[in-house]
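This report refers to the structure that appears directly beneath it.
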Amino acid sequence: MRLITPNGVERRKPDELESLLDGQGLIWIDVAHWDAVTEEKLAGKLNLHPRAMRDCAVRNPVPKMHVYPDQVFLVLHAPERGARGHVHYIELDQYVGPNWLLTVHGPMNPVVPLEAAYLETGATARRLESGKLNPSRSCELSAAVVVALTNRLRDFLTELTQEVWALERKVTGGHMGDPEQFLEELFAVRHGLLAVRTMAAMSREVYGRMCRLSVFGPGGAAQLEDLQDQFQRIAAMADSQREYLQGVIEFYQTRTGTKMTIAAERLAVIAAVTLPITALSSIMGMNVIVNDSTHWATLWLLLGVMSVMSLMVLIWAHRKGWW
């Protein structure tokens, strides 16, 4: 728990919360894990709504916002890369009260490192302690945390964009390699772009709703509009990169499919050339070449007929443009 005043930031103990609520300054309470003990200690002191507390205890698949008479409850997500292109949704919940901010780190997949949950709050705390950030209202502190979340989205988008460029260079350079493995790489990056776009677009809708309701009054409207604009632009950039990567995927698939089509046409020509030979030899072979003797004149005639038939098929396939 931190007490933020014009003189700086002070660390305080949780049992001082009740006395600090009636005093001066802005209080920031950061909860690493929401459980029954935390709920019992904070519910009555901060007048937390039961529905919002239930949302803190479970994973929420989509961002959301609830407005209560004395506070706003907010759920947002940040990306964290997992194995094989999977993107984990890191949940960050916020209660924005009159003179306090409560941040709660939502439940996570056990495979995600714990430090991934504290990037936004850690970055905001460092800004506070360095003096670069000195909010006077809880909505300003909340906005600073959300700005850190948009930076995380933008950094993840930058990382994915660099991977798109590397994959595009491979494709235009004529890379073939293992098509199955390479397509998995392409689609893993596209999945990451879709995840960023989805997170940013849904968060934009949440902040659009907050702007329309003017939940923080006239003084907080500009910050809400700025955050909505940031989410909107991140979503647009991710969508543009996804379309660009989709063009690279289609080019690679078209080139691979064309090579397979050409190979199939050549195999079809080979089959067409050998088909009349096979048919003629299967009918006449037992009567021309026998164990006791060979009819050499007939054999040479059949070989000549086979050659002529194969040549005619090759000429016809060439005129059709098959090879």
Flag yes if M1 and L48 sit in one hydrophobic cluster, no otherwise; membership is Ile, Leu, Val, Met, Phe, Trp, Tyr, and two members link when side-chain heavy atoms are under 4.5 Å apart. yes
With a 4.5 Å cut-off on side-chain heavy-atom distances among I, L, V, M, F, W and Y, is there a chain of contacts connecting V145 to L76? yes
In short, salt bridge (charged side-chain N to carboxylate O under 4.0 Å, His left out) pairs touching residues 59-73 with sequence neighbours left out are D55-K64
More than 12 heavy atoms of other groups within 6.0 Å of R204 CZ: yes
Output all residues satisfying side chain to side chain donor-acceptor pair (under 3.5 Å) with D226, sequence neighbours left out; order by chain, then residue number. Q230
Atom CG of L245 and atom CD of E250: how far apart are they, to the nearest 0.5 Å? 10.0 Å
Please check if any side-chain donor atom of N47 sits under 3.5 Å from a side-chain acceptor atom of Q71, or the reverse. no
For the student: nearest non-hydrogen atoms of A78 and E120, plus distance: CB-OE2, 3.7 Å
Heavy atoms, side chains only, cut-off 4.5 Å: are F251 and I249 in contact? no
Does any part of the side chain of M65, heavy atoms only, come nearer than 4.5 Å to the side chain of F73, both counted from C-beta? no
Candidate pair V31 and L42, rule side-chain contact (heavy atoms from CB on, under 4.5 Å), full reasoning: CA-CA 10 Å; V31 177; L42 296 179; 4.0 Å; yes
Min side-chain heavy-atom separation P107-W34 under 4.5 Å: no
Solution key, residues 206-225 side-chain donor-acceptor pairs under 3.5 Å, sequence neighbours excluded:
none

Is H88 close to V111 at the side-chain level, that is, under 4.5 Å between some pair of heavy atoms? yes
So, for G25 and T5, which heavy atoms are closest and what is the spacing to 0.1 Å? CA-CG2, 4.1 Å
Apply side-chain contact (heavy atoms from CB on, under 4.5 Å) to the pair R242 and V164, showing each step before the final yes or no. CA-CA 9 Å; R242 183 187 61 82; V164 170; over 6 Å; no
Can we say R11 and E129 salt-bridge, meaning some charged N sits less than 4.0 Å from an Asp/Glu carboxylate O? yes
Where the side chain of Y95 meets the backbone of M53, is there a donor-acceptor pair that is under 3.5 Å apart? yes
Applying the 4.5 Å side-chain criterion to the ILVMFWY set and letting contacts propagate, would V171 and L160 be lumped into a single cluster? yes
For A144 and R127, which heavy atoms make the closest approach, and how far apart are they? CB-NH1, 4.2 Å
Minimum-distance pair of heavy atoms, taken over all atoms of P79 and V87: CB-CG1, 3.9 Å
One should read off an interatomic distance between N60 CG and H77 NE2, to the nearest 0.5 angstrom, of 6.0 Å
With rounding to the nearest 0.5 Å, note down the distance linking CD1 in I29 to CG in L102. 5.5 Å
Can you give each donor-acceptor pair under 3.5 Å made by side-chain atoms of residues 181-193, sequence neighbours left out, with the distance rounded to 0.1 Å?
| unit_1 | atom_1 | unit_2 | atom_2 | d |
| --- | --- | --- | --- | --- |
| E184 | OE1 | R84 | NH2 | 3.4 |
| R190 | NH1 | Q246 | OE1 | 2.6 |

Can you check whether V96's main-chain N or O pairs, donor with acceptor, with S138's side chain at less than 3.5 Å? no
Side chain to side chain, L153 and L157, heavy atoms closer than 4.5 Å: no
Could you list all the side chain to side chain donor-acceptor pair (under 3.5 Å) pairs where at least one residue sits in residues 15-32, not counting sequence neighbours? R12-E16, W28-T103, D30-T103, D30-H105
Main chain of T38, side chain of D35: is a donor-acceptor contact present, judged purely on distance under 3.5 Å? yes
Using 0.5 Å steps for rounding, measure from the CG atom of L133 to the CZ atom of R126. 12.5 Å
Side chain to side chain contact (heavy atoms under 4.5 Å, CB included) partners for L119, two or more places apart: R152
Can D155 and T158 be said to form a side-chain hydrogen bond (donor to acceptor under 3.5 Å, both in side chains), step by step? CA-CA 5 Å; D155 291 343; T158 301; 5.1 Å; no
Are V9 and L3 packed together at the side-chain level, in the sense that at least one heavy-atom pair is separated by less than 4.5 angstrom? no
Would a hydrophobic clustering, with Ile, Leu, Val, Met, Phe, Trp and Tyr connected at side-chain separations under 4.5 Å, put L74 with V67? yes
Quick check: closest heavy atoms across T124 and A148, and the distance to 0.1 Å? OG1-CB, 4.2 Å
Show your reasoning for whether side-chain contact (heavy atoms from CB on, under 4.5 Å) applies to E159 and R81. CA-CA 11 Å; E159 180 183 343; R81 173 165 286 187; 3.6 Å; yes
For the pair H66 and Y68, name the ring-plane relationship: parallel under 30°, tilted 30 to 60°, perpendicular over 60°. tilted
Salt-bridge present (E39, K45; N to O < 4.0 Å): no
Any sub-3.5 Å donor-acceptor pair from S142's side-chain atoms to C139's backbone N or O? no
The test is side-chain contact (heavy atoms from CB on, under 4.5 Å); show your working for Y89 and T198 and say whether it passes. CA-CA 11 Å; Y89 279 53; T198 301; 4.1 Å; yes
Quick one: pull up CD in Q94 and OG1 in T121 and give me the separation to the nearest 0.5 Å. 10.0 Å
Any heavy-atom pair between the side chains of P135 and L26 that's under 4.5 Å? yes
Side chain proximity check, L128 to L141, heavy atoms < 4.5 angstrom: yes
Atom CD1 of I27 and atom CG of L101: how far apart are they, to the nearest 0.5 Å? 11.0 Å
Is it true that V196 and L167 fall in one hydrophobic cluster, defined by side-chain heavy atoms closer than 4.5 Å? yes
